[in-house]
Amino acid sequence: MSKLVSKWNYPTTVRFGAGRISELPDVLAATGIKKPLFVTDPGLAKLPVVASTLKILEDAKVPYGVFSDVKPNPVESNLTAGIAVFKKGKHDGVIAFGGGSALDLGKLIAFQAGQTLPVWDFEDVGDWWTRANSDAIAPIIAVPTTAGTGSEVGRAGVITNEETHTKKVIFHPKLLPAIVIADPELSVGMPSFITAGTGMDAFAHCLEAYCAPGYHPMADGIAVEGIRLVFENLPKAFANGKDLTARAHMMSAAAMGAAAFQKGLGAIHSLSHPIGALYDTHHGMTNAVFMPYVLAFNRDAIEEKIVRLSAYCGIKGGFDGFAKAVIKLRKELKVPHALPGLIKGLDMDKKRKTLIADMAVVDPTAGGNPVKLTKKAALGLLENAIEGTV
């Protein structure tokens, strides 16, 4: 009997293409949302892209509310404030509009507003999601404006516990947005730093999903094509933010990474999460810093896979050629080679390093690493990332 046994789940309806934000009123009608709460981040809220989107709602005579008190790494107080606005405005659904922080928080507002248990009771652990009242979860429409997290096609949201300084992944099948509008025109004004960081987040998702152990050929295939799209298009989008074709391909790659990483993530994320929680760094850029160190650490377990991946991407030299291509890509995108380039004035003592290692090994993503992430290994990877030693 075959041992190839697994469980697969794949995304939702996506309306992809330039200009499709104009379909927002139709999408609201299709999901039965009559009075949405528009959730975005404070920086985006001031930009013309939000004003033009809200005008679409106004022209269609759709009543709405706006919430934008969202940190780059959302925290519980943001969620509490958003739920209060949702309830006060008697909203019946959420339009999550923006990058990963706005998408995650918007989804969690729709999820948590009708629950009686604390949000931490729904962490992505075992079957904790079954504790939720599914009927009380409001419908969600997701509109990404960056190309990174892929949260628009994900069934989870990430939120930081301010008391413990740990990032928690909250999971429920109904956190998956009912409909996604993926309009690359919305990402045209994205600054180059955000283009690089979000793009490398998509890359990390694809790479770690592909390298994760387990049988999921659909995830592997999507991850491989996502990696190729990043290599070919992220430098173009970084160099010319108005390159709509490159932007479109990167928006696809972001969704592909999130679709693929249901197979698993790994030590890039396990180490990135505590750094982000403790130092409030950009998640995708932090992933980019850790990537070559984790790639080298996993070599014995993934070399054969990486050789196949390199061939598909047209990269010569097998594993070593791929590793060099990753470092070259980071240089093109001005990604710091080591953590001190990411965190100004970094002075990490032994106690802090131990804390980060302890947080990394219990992070939900650690179990997906191809090589077991022990505390000793996490400390070693952290030291390498500080010293810049691959």
Side-chain angles (χ1 to χ4, degrees), residues 9 11-13 27-28 30-41 63-144 149-180 258 262 273 277 362-365:
N9 295 283
T12 186
T13 299
V27 168
L28 287 167
T31 51
I33 300 175
K34 293 182 170 56
K35 193 177 183 184
L37 178 64
F38 186 94
V39 179
T40 190
D41 66 65
Y64 64 86
V66 176
F67 179 77
S68 61
D69 184 12
V70 182
K71 284 189 173 184
N73 292 296
V75 295
E76 187 180 16
S77 57
N78 297 151
L79 178 59
T80 301
I83 290 171
V85 172
F86 185 89
K87 289 181 176 179
K88 184 176 181 180
K90 296 181 179 179
H91 297 289
D92 59 352
V94 165
I95 300 170
F97 186 99
S101 57
L103 295 179
D104 277 3
L105 194 75
K107 288 161 60 178
L108 289 172
I109 289 169
F111 168 77
Q112 189 65 19
Q115 306 303 320
T116 55
L117 296 173
V119 70
W120 314 119
D121 283 13
F122 309 113
E123 188 180 351
D124 189 11
V125 176
D127 64 352
W128 285 17
W129 65 271
T130 60
R131 300 170 174 176
N133 179 356
S134 295
D135 294 335
I137 301 171
I140 304 158
I141 292 168
V143 184
T149 68
S151 182
E152 65 273 13
V153 295
R155 299 173 298 151
V158 179
I159 188 166
T160 297
N161 185 322
E162 291 166 287
E163 291 184 8
T164 62
H165 298 288
T166 54
K167 283 192 173 186
K168 298 294 184 180
V169 178
I170 310 302
F171 170 85
H172 194 281
K174 289 183 74 172
L175 272 170
L176 181 68
I179 298 177
V180 175
Q262 63 168 262
H273 283 159
V362 298
D363 191 271
T365 62

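Not counting sequence neighbours, the partners of Val119 by the side chain to side chain contact (heavy atoms under 4.5 Å, CB included) test are Leu79, Gln112, Ile170.
Residues Gly82 and Ile109 approach most closely at CA-CD1, 3.6 Å, considering heavy atoms. Nearest heavy atom pair, residue Val75 against residue Lys71, reads CG2-CD, 4.1 Å. Residues Gly98 and Ala102 approach most closely at CA-CB, 4.2 Å, considering heavy atoms. Smallest separation of non-hydrogen atoms from His172 and Ala132: CD2-CB, 3.7 Å. Considering every non-hydrogen atom in both Asp127 and Thr130, the closest pair reads O-OG1, 2.6 Å. Ala136 and Gly114 make their closest contact through CB-O, 3.4 Å (heavy atoms, listed as atom of the first residue, atom of the second, distance).
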Give the C-alpha distance, both sets of side-chain angles, the deciding distance and a yes or no for side chain to side chain contact (heavy atoms under 4.5 Å, CB included) between Leu108 and Val158. CA-CA 9 Å; Leu108 289 172; Val158 179; over 6 Å; no
As a quick check of understanding, evaluate side chain to side chain contact (heavy atoms under 4.5 Å, CB included) for Thr116 and Asn133, giving each step before the final call. CA-CA 9 Å; Thr116 55; Asn133 179 356; over 6 Å; no
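Judged purely by atom type and a 3.5 angstrom limit, Lys107 has no side-chain atom pairing as donor or acceptor with the backbone of Leu176. Although no hydrogens or angles enter the test, the distance criterion places no donor-acceptor pair under 3.5 Å between the side chain of Thr40 and the main chain of Ser68. Lys168 places no side-chain N or O within donor-acceptor distance of the main-chain N or O of Glu123, the cut-off being under 3.5 Å. With hydrogens and angles ignored, the 3.5 Å screen pairs a side-chain donor or acceptor of Asn78 with a backbone N or O of Asp69. Proximity of a side-chain donor or acceptor of Asn73 to a complementary backbone N or O of Ala277 within less than 3.5 Å is not detected. Listed for the Asp124 side chain is no donor-acceptor partner under 3.5 Å among the backbone atoms of Val169.
Within the 4.5 Å cutoff, the side chain of Pro11 has no heavy atoms near those of the Glu152 side chain. For the pair Pro74 and Ser101, the minimum side-chain heavy-atom distance is below 4.5 Å. Counting heavy atoms from C-beta on, the side chains of Pro36 and Ile141 never come closer than 4.5 Å. Val180 has its side chain out of reach of Val27: every pair of non-hydrogen atoms, C-beta onward, lies at least 4.5 Å apart. In this structure, Thr166 and His273 have side chains that are not in contact, with every pair of non-hydrogen atoms separated by 4.5 Å or more.
Rounded to the nearest 0.5 angstrom, Asp104 CG and Ile159 CD1 are separated by 9.0 Å. A distance of 8.5 Å separates CD1 of Ile179 from CG of Leu28, quoted to the nearest 0.5 Å. Once rounded to the nearest 0.5 Å, the distance linking CD of Glu76 with CD of Glu163 reads 7.5 Å. Atom NE2 of residue His91 and atom CD1 of residue Ile33 lie 11.5 Å apart, to the nearest 0.5 angstrom.
Heavy-atom neighbours of Lys34 NZ from other residues, nucleotides or ligands within 6.0 Å: at or below the threshold of 12.
Ring geometry, Phe97 versus Phe38: the interplanar angle falls from 30° to 60°, so the pair is classed tilted. Ring geometry for Phe122 against Phe111 counts as perpendicular: the plane angle is over 60°, on a 0 to 90° scale with 30° as the lower cut.
The aromatic ring centroids of Phe86 and Phe67 lie 6.0 Å or more from each other.
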